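Down below is the structure, laid out as structure tokens.
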Amino acid sequence: MGKKKVLVVGGGGREHAIVDALSRSPQVGTIYCAPGNAGIATMAECVRIKDTDVEALLNFAKEKRIDLTVVGPEAALAAGIADRFREEGLRIFGHSREAARIETSKEFAKEIMRKYGVPTAAYRSFSDYEEAREYVLGRPFPAVLKYDGLAAGKGVVIAENAAEAEEALKDMLLDTRFGKGKVVVEDFLSGPEFSFMCFVAGDRVWPMPLAQDHKRAFDGDKGPNTGGMGAYSPLPFISDEDRQFALNHILMKTAYAMVGEGCPLQGVLYGGLMKTPSGIKVIEFNARFGDPETEVILPLFKSDIYAMFEAVASLSEPRDEPEWSDEAILGVVLASKGYPGSYDKGYGIDIEEDIDATIYHMGTASDADGKLVTSGGRVMMAVCKGETVAEARDKAAAAVAKIHCSNLFHRSDIGWQATE
């Protein structure tokens, strides 16, 4: 049999990590990525198609006789890419639009958790600004406010006082900053957060190693929430018993629930979880690989990732049970100054040749002279392995020092919960 042709949909660090993992598969020959980025272009053929242009992606997959499509971003799943590909008999790794509601609708996810007894914070939903305002102001702060829909990782506000709450509710319900929708108001939970991703094919669940993301922009967990400034694994503060509870009572229970609701999962289920004083609870679900967690999890995958993706896409068992490295791994994100607010693009990036790290590109491009330049908020991520998280952190710090750009910043304390 000939080598497989794979299409990866997306153009960020997560997709770069997926492409990198696929490049290690003995089954894979040609990899396409739509739209890709400057880093991905060194490993795959980038195709200028937007990740939400479902019909163009479908036509491309047919024309190139793609064996398997792997979807990265949630926006593509929400656009129904998996539904269309399956209608046309094409194999695709990614949930249906209905199943993706576990991420695209906060209210739907909460209803599923309440119905099936998955532990999470108590909540109420509102579409009217005055009703939401009255409810929030009548309760203790901080208040957790979530826009009921996709908001590119920025639709969650933890309001510390009435002024912050009112501003967030106006954004979400009056100014329709993210579109017209509802707001879910949750009880505030405290404790360390962590990410638990699983491959899911209907009622079959294969867990991945745990990771922790760092959402705040600056050291000491200060500043605005971002899409993630770094991640690492393993997590010393999560015991084997904690992990088993989360697997059995959260991830697997949710997979079974989605089968019961007639919209089975067929891709990645991401649990954003918190270890609270009263046990592990769900903060949020995502319907795809997390970013930047994927960049530190997929490098640990020792088996054939194509076989894993294909098994999920065809609702079957992989030939071999997936194997994972037990190495420590840590990645530091370099972001454009000003991110997650407004930022400038087009700054040159120089990477020293002797850098000892895997560099995943998140928001890069090539200028007219072929020089690497910034083109996004999060620009790249330096990922290093070690025997301990501390060793991986030190290697990543050394690597970041060899990336030169006048308009980038990064956190220097990624992994602090595992190293202090």
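Quick caveat: nothing in here was measured; it's all calculated off a predicted structure. Heavy-atom basis, side chains included; hydrogens, waters and symmetry copies ignored.
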Sub-3.5 Å donor-acceptor pair from the side chain of [X] to the main-chain atoms of [Y], do we have one?
| X | Y | answer |
| --- | --- | --- |
| His361 | Gly11 | no |
| Thr120 | Val282 | yes |
| Tyr256 | Tyr116 | no |
| Arg243 | Ile238 | no |
| Asp83 | Arg97 | yes |
| Lys5 | Lys64 | yes |
| Lys110 | Ala121 | yes |
| His95 | Ala287 | yes |
| Lys253 | Ala246 | no |
| Ser125 | Glu107 | no |

Candidate pair Lys281 and Leu273, rule side chain to side chain contact (heavy atoms under 4.5 Å, CB included), full reasoning: CA-CA 6 Å; Lys281 297 185 179 181; Leu273 311 180; over 6 Å; no
Aromatic ring pairing Phe199/Phe93, orientation class (parallel under 30°, perpendicular over 60°, tilted between): perpendicular
Pair Ser25, Asp304: side-chain N/O donor-acceptor within cut-off below 3.5 Å: yes
Test item: side-chain donor near acceptor, Ser412 and Asp219, under 3.5 Å: yes
How would you list all residue pairs meeting salt bridge (Lys or Arg N to Asp or Glu O under 4.0 Å) that involve [range], not counting sequence neighbours?
| range | answer |
| --- | --- |
| residues 16-43 | Asp20-Arg24 |
| residues 284-295 | Glu74-Arg288, Glu103-Arg288, Asp291-Arg378 |
| residues 306-316 | Arg91-Glu310 |
| residues 335-350 | Asp350-Lys371 |

Non-hydrogen side-chain atoms of [X] and [Y] separated by less than 4.5 Å:
| X | Y | result |
| --- | --- | --- |
| Cys405 | Thr374 | yes |
| Leu169 | Val183 | yes |
| Trp416 | His214 | yes |

Going from [atom1] on [X] to [atom2] on [Y], what distance comes out if it is rounded to the nearest 0.5 angstrom?
| X | Y | atom1 | atom2 | value |
| --- | --- | --- | --- | --- |
| Ile92 | Leu77 | CD1 | CG | 7.5 Å |
| Leu68 | Leu7 | CG | CG | 9.0 Å |
| Met229 | Asp413 | CE | CG | 10.0 Å |
| Leu145 | Leu173 | CG | CG | 9.5 Å |
| Tyr343 | Ser375 | OH | OG | 8.0 Å |
| Gln212 | Leu235 | CD | CG | 6.0 Å |

Kindly give the heavy-atom pair with the smallest separation between [X] and [Y], and that separation in Å.
| X | Y | value |
| --- | --- | --- |
| Ile297 | Trp324 | O-CZ3, 3.4 Å |
| Val6 | Leu22 | CG1-CD1, 3.7 Å |
| Ile414 | Gly230 | CD1-CA, 3.8 Å |
| Ala99 | Pro264 | CB-O, 3.6 Å |
| Ala399 | Cys384 | CB-SG, 4.4 Å |
| Ala231 | Val296 | O-CG1, 3.6 Å |

Residues Arg216, Thr226; criterion side chain to side chain contact (heavy atoms under 4.5 Å, CB included); working and verdict: CA-CA 6 Å; Arg216 297 284 188 170; Thr226 70; over 6 Å; no
Under the ring-ring contact (aromatic ring centres under 6.0 Å, His included) test, residues paired with Tyr129 that sit two or more places apart: none
Verdict with supporting geometry, Ile112 and Arg101, side chain to side chain contact (heavy atoms under 4.5 Å, CB included): CA-CA 10 Å; Ile112 289 288; Arg101 286 184 300 158; over 6 Å; no
Listed partners of Lys385 passing salt bridge (charged side-chain N to carboxylate O under 4.0 Å, His left out), at least two apart: Glu327
Salt bridge (charged side-chain N to carboxylate O under 4.0 Å, His left out) partners for Asp221, two or more places apart: Arg411
Atom CD of Glu317: over 12 foreign heavy atoms under 6.0 Å: yes
Pair Leu251-Leu269, side chain to side chain contact (heavy atoms under 4.5 Å, CB included): steps then yes or no: CA-CA 7 Å; Leu251 281 307; Leu269 177 62; 3.6 Å; yes
So, [X] and [Y], do they make that salt bridge, N to O below 4.0 Å?
| X | Y | answer |
| --- | --- | --- |
| Glu261 | Lys115 | yes |
| Glu111 | Arg114 | no |
| Lys170 | Glu166 | no |

Looking at residues at least two apart in the chain, or sitting in another chain, which of them share a side-chain contact (heavy atoms from CB on, under 4.5 Å) with [X]?
| X | result |
| --- | --- |
| Tyr135 | Arg124, Phe126, Arg139, Val185 |
| Val373 | Ala365, Asp367 |
| Glu167 | none |
| Leu315 | Ala201, Arg204, Gln266 |

Pairs of donor and acceptor atoms involving the side chains of residues 39-49, under 3.5 Å and at least two apart or interchain, shall be tabulated with distances.
residue: Thr42; atom: OG1; partner: Gly39; partner atom: O; Å: 2.7

Lys NZ or Arg CZ of Arg14 over Phe289 ring: under 6.0 Å, within 45°: no
Option among Asn407, Leu408, Val379 that satisfies the side chain to side chain contact (heavy atoms under 4.5 Å, CB included) test with Tyr347: Asn407
Validation row, ring centre Phe60 to ring centre Tyr32 under 6.0 Å: yes
Ring centers of Phe409, Phe218 separated by less than 6.0 Å: yes
